[in-house]
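Side-chain atoms are counted along with the backbone in the values below, which use heavy atoms only and exclude waters and symmetry mates. Here, residue 1 is the first one in the sequence, and each next residue gets the next number. It should be emphasised that the depicted structure is a prediction, and the values quoted were computed from it without experimental measurement.
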Amino acid sequence: MGAIDDGARLNMEKAPFTARRGRPSAAQLAAIADTILSTAQALFLSQGYANTSMEAVVAASGVSKATLYARYANKHALFQAIVEAGSRP
């Protein structure tokens with residue numbers, strides 16, 4: 001697992017959700033998705049695709065590994081979601 005840069009740390013510090021037990025609300029789900037995508041994007045940009053691991057995204061975003069993998073089966077799917085989010089008008 002590579003070191004987390006300042007940009008990814010900043011995303012982690014500004015996480016708009018608080019991890020809690022139980023089922024998250026719709027607003028919390030959106031906040032979790034935004035946090036995952038913005039953190040992963042920062043890591044991909046700073047460390048490159050090959051040097052960014054799913055574990056690094058988990059550590060930097062503050063979500064659990066189960067949460068990340070429930071939304072994105074692998075690193076390619078996560079990267080594709082970032083690209084698709086960036087191409088929306």
Kindly list each side-chain donor-acceptor pair under 3.5 angstrom involving residues 76-84, sequence neighbours excluded, with atom names and distances?
from: Gln80; atom 1: NE2; to: Glu84; atom 2: OE2; distance (Å): 3.2

Non-neighbouring partners of Lys65 that pass salt bridge (Lys or Arg N to Asp or Glu O under 4.0 Å), sequence neighbours left out: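 So Lys65 forms a salt bridge (Lys or Arg N to Asp or Glu O under 4.0 Å) with Glu55.
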Given side-chain contact (heavy atoms from CB on, under 4.5 Å), test Ile36 with Tyr72 step by step and report yes or no. CA-CA 10 Å; Ile36 291 170; Tyr72 308 102; 3.8 Å; yes
Which value, rounded to the nearest 0.5 Å, describes the distance between [X] atom [atom1] and [Y] atom [atom2]?
X     : Y     : atom1 : atom2 : result
Leu37 : Ile32 : CG    : CD1   : 12.0 Å
Gln41 : Ser38 : CD    : OG    : 8.0 Å
Asp34 : Ser61 : CG    : OG    : 12.0 Å

Please check: side-chain N/O of Thr52 versus main-chain N/O of Gly48, any donor-acceptor pairing under 3.5 Å?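 Checked: pair present.
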Leu29: partners by side chain to side chain contact (heavy atoms under 4.5 Å, CB included), with sequence neighbours left out: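 In terms of side chain to side chain contact (heavy atoms under 4.5 Å, CB included), with neighbours along the sequence ignored, Leu29 is linked to Pro24, Arg71.
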Tell me which pairs pass salt bridge (Lys or Arg N to Asp or Glu O under 4.0 Å) where either residue lies in residues 36-48, with sequence neighbours left out.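 Counting only pairs at least two positions apart or across chains, no salt bridge (Lys or Arg N to Asp or Glu O under 4.0 Å) contact touches residues 36-48.
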Single-linkage hydrophobic cluster, 4.5 Å side-chain cutoff, Tyr49 and Leu43 together: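 In one cluster with Tyr49: Leu43, yes.
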